[in-house]
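Just below is one structure, and these are the notes that go with it.
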There are 2 protein chains.
Amino acid sequence: MKEQKKIAVVGAGLVGTLLAIYLKRAGHTVHVFDRSKDIRTVEFSGRSINLVMSDRGWKALEKLGLDTEIKKIGIPVYKRAIHLEDSSLNFQNYGKEDQAIFSLSRGILNRKMVDLAEAEGVQFFFESKIWDITLSTATLHEGLTERGEWHDLDYDIVFGADGAFSRIRHRMQRQSMFNYSQEFLKLGYKELHIPANPDGSHKIDPNSLHIWPRGEFMLMALANTNGSFTCTLFMPHEGENSFEQLKDKATLEAFFAKYFPDTKEVIPNLVEDFFRNPTSYLVTMKCYPWTYKDKVALIGDACHAIVPFYGHGMNAGFEDITILAEMMEKYGNDWETVFEQYQLSRKPNADAIAELSYRNFMEMSSKTADDKFHLQKKIEKWFSEKHPDKWVPLYSRVTFSHQPYAEALAEGEKQNAIMQEILSIDKIEEIWETEPIEHRILDLLAK
Amino acid sequence: MKEQKKIAVVGAGLVGTLLAIYLKRAGHTVHVFDRSKDIRTVEFSGRSINLVMSDRGWKALEKLGLDTEIKKIGIPVYKRAIHLEDSSLNFQNYGKEDQAIFSLSRGILNRKMVDLAEAEGVQFFFESKIWDITLSTATLHEGLTERGEWHDLDYDIVFGADGAFSRIRHRMQRQSMFNYSQEFLKLGYKELHIPANPDGSHKIDPNSLHIWPRGEFMLMALANTNGSFTCTLFMPHEGENSFEQLKDKATLEAFFAKYFPDTKEVIPNLVEDFFRNPTSYLVTMKCYPWTYKDKVALIGDACHAIVPFYGHGMNAGFEDITILAEMMEKYGNDWETVFEQYQLSRKPNADAIAELSYRNFMEMSSKTADDKFHLQKKIEKWFSEKHPDKWVPLYSRVTFSHQPYAEALAEGEKQNAIMQEILSIDKIEEIWETEPIEHRILDLLAK
């Protein structure tokens, strides 16, 4: 028989709340702690990048029947809209005609998730600061300040869903044999804003992810349901064309006029937004192990924080939950095995999506503006339509499938080697849509 | 004019004490804090690997005129003595005939260094626990326990010489843009002991570093001046032939009888030592930046903990001090520039010695027992004697020179590629000492 456990989830973000619902449905008592105010009672912070939900995220919601509810607050995005420096516009489909990722406002989604979890009977404790944990007894240490008085909260099991700077992981990190790395990009980001038209409609196509690729830096925009867009400017902290350089109104306006001329009309509050919103950092964090005996497990960003360029932070976190739930079904009350199998299954895939995400900045910021890259995409699409069983493009494997990330990465590398060979063929831009090329690709695949 | 600063050094280990002497000689007020008891008043811990001092370490001591004093407590080691499984013995010189590294007991050396620093006027505060630091003001936070009352200690400058688990770094780590990694080896180690003969003489050759290479694991012995040897058993924590397997007297004795039969006579207290001494962990720790403005700098293991297989932990830490002292001479009171130039100069070299140390376990545990490797060493020696200007072996570059570690690593890789090509020549074991081979190496070098 299933033992009912008293479980704490630290962190009421997207992964924490969804995990809480899974645990509640499995019959456990579930308390969720978060150091911030209830997100339903506060303004959002101005430091968020819009989320994109894709198949891995949906799968975790579908299992609970929550996908329909969430789709209502999302906008399907079928393609990239590439804004070139001469203000011309290109489009690149993400997958097949009807395949879309969904743009979601982090704040709106998070509020919704808390509502849903509460409706299931999950108990939330907001403004409750967990500073430390005793791993061997799954005891949380909570208090107003880090150096002030703490009191103990005892649980059977604790999940650390408390993000990239997890306090739960912080304690695990101080054990022997705990591997850990944090690496910051030289790149930061800042949130900007395209408001809706007076009639509530979108100023630019809402069903595209808009990119202004400029090599070392780029601007991005994703639609919200209220007609606005959340924009993100990614650029180096220091050096030429960096946040450091954009010190005042004049410099900022000149920079945008030079590199993003077509945004002048759609970002009216550029100066105000730019100097009000913080410049945020981008970090890749890896660690191992993710679990402590049958007592404590890390999940989501707390054990694998990645850079946002593949739009898979939340999707990877939700897939953690899918796999954890599978292990819970398989191994029942044997939580030590549940945790062991969960971390063994997820670790290589978390490493793979970290690598894919890191590489994707290069693709988004530079390659999307490159002719050779466009040709590569066209050849891949053409070949893949002829041989759908033989060629699924990497982006589709990652975004529109449930193939483990590590396998997707490995197959993507093989495909890329093949495409580099094809692209080096003389006059390839003229002859790519021909039988010899098709056969050459088939030969290379068969190797 | 030189401004006199009030400087705290956290950590009274080898690097902390030597740094304190440098700072005192430069005219500053220097306080050294250590959480442990005065090492001069306690027994050593039974978890130490003997140190080997080589040219980089000596250079830092020579500059202060302290090398003669320290040489008295060391034993020169000219070669590796390889104990093969059939109990036969091979020797490999480290460098030229008269080139030696020096075996030193960590405890004895550390006591001596504290004595020397005190004699210079450095003030020591033992059993003084520094839990945290305010970076912007170089204020240390000291107290009896981590959660108890703390009081503040104000300094102009703080050095974190507090080792791989540095509290000073711990605070820096919580800033944005601080890159950090810790990676544990699957291998652990345990200290064992070869006592002196009744007449105080050594049971085996004191001027050799003794290795019993067995592939996945190895035993090592380094001489002490009192006739004893400090031995270190390196082996995996888990799996076949691991610490986990050696649970009781019978298993342990059978294991030693099988793999290290010739140690039976010289390690009489094997069982007692093995089960009394802890099994220790091996970690590589990297981070960046190492400094905070003109206020705080990390040094030694606190910013680059490495595995012990090249015998360069202390040497690299002492070289940090040499470079820091050069920057102090060059940039005077401009501590921000001193720190910036220090970290820029040292970081790539710290990364290089980390890599070299990691690789050297393979060399010590496996390759030293391999015929092809012996042949490679012989060819290198032969060629290097013919062309001393053209070929300095990697080990000599690292150990008997002051060439930056990063350059030594790069040249070592070039040399190794050449040697692999030479070793693949047909019948090389018969023809290596010939003019065609000499010319082939010269050709490859000229490429």
Side-chain angles (χ1 to χ4, degrees), chain A residues 47 131-134 141-152 163-167 169-190 236-239 242-244 278-289 305 307 340 347 351 354 358, chain B residues 47 131-134 141-152 163-167 169-190 236-239 242-244 278-289 305 307 340 347 351 354 358:
Chain A
R47 60 190 308 160
W131 297 103
D132 204 351
I133 180 172
T134 302
H141 304 297
E142 194 244 13
L144 284 179
T145 64
E146 183 164 15
R147 295 277 306 135
E149 206 177 310
W150 293 351
H151 59 277
D152 293 354
F165 299 96
S166 168
R167 281 277 165 168
R169 186 193 67 234
H170 201 73
R171 170 54 55 190
M172 291 171 71
Q173 214 168 312
R174 287 163 79 172
Q175 298 177 104
S176 293
M177 300 301 283
F178 191 85
N179 292 332
Y180 176 79
S181 72
Q182 64 184 39
E183 200 179 341
F184 284 82
L185 289 196
K186 293 193 192 319
L187 214 69
Y189 71 90
K190 195 182 278 282
H237 291 287
E238 296 173 6
S242 70
F243 284 110
E244 176 188 60
T279 304
S280 299
Y281 296 90
L282 294 167
V283 67
T284 300
M285 190 281 302
K286 298 178 182 177
C287 68
Y288 202 78
V307 294
E340 184 62 18
K347 174 61 176 169
D351 287 348
Y358 182 79
Chain B
R47 61 189 308 161
W131 297 103
D132 204 352
I133 180 172
T134 301
H141 305 297
E142 194 243 12
L144 284 179
T145 65
E146 182 163 17
R147 297 277 307 134
E149 207 178 310
W150 293 352
H151 59 277
D152 293 354
F165 299 96
S166 169
R167 282 275 163 169
R169 186 193 68 233
H170 201 74
R171 170 54 56 192
M172 292 171 71
Q173 215 168 312
R174 288 164 77 173
Q175 298 179 102
S176 293
M177 300 301 282
F178 191 85
N179 292 333
Y180 176 78
S181 72
Q182 62 185 41
E183 200 179 340
F184 284 82
L185 288 197
K186 293 193 193 318
L187 214 69
Y189 71 91
K190 195 181 279 282
H237 291 287
E238 295 172 6
S242 70
F243 283 111
E244 177 188 59
T279 306
S280 299
Y281 296 90
L282 294 166
V283 67
T284 300
M285 191 282 301
K286 298 179 183 177
C287 68
Y288 203 77
V307 294
E340 183 62 19
K347 173 63 176 167
D351 287 347
Y358 182 78

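Proteins come first, then strands; the chains are lettered A, B, ... in the order of their sequence lines, and each starts at number 1.
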Using the ring pair (Phe, Tyr, Trp, His ring centres under 6.0 Å) criterion, which residues pair with A:His237? Sequence neighbours excluded.
A:Tyr281
Check whether B:Leu282 gets within reach of chain A through its side chain, its backbone, both or neither, counting any heavy atom under 4.5 Å.
neither
Only pairs at least two apart or in different chains count here, so list each salt bridge (Lys or Arg N to Asp or Glu O under 4.0 Å) that has a residue in residues 172-189 of chain A.
A:Arg174-B:Glu146
In terms of heavy-atom pairs under 4.5 Å, which option from A:Met285, A:His170, A:Lys286 contacts chain B the most?
A:His170
Taken to the nearest 0.5 Å, the spacing of B:Glu238 CD from A:Met177 CE works out to 7.0 Å
Does the side chain to side chain contact (heavy atoms under 4.5 Å, CB included) test come out yes or no for B:Arg147 and A:His141, once each step is laid out?
CA-CA 12 Å; B:Arg147 297 277 307 134; A:His141 304 297; over 6 Å; no
Chain B contact via A:Phe178 - which portion, at a heavy-atom distance below 4.5 Å:
both
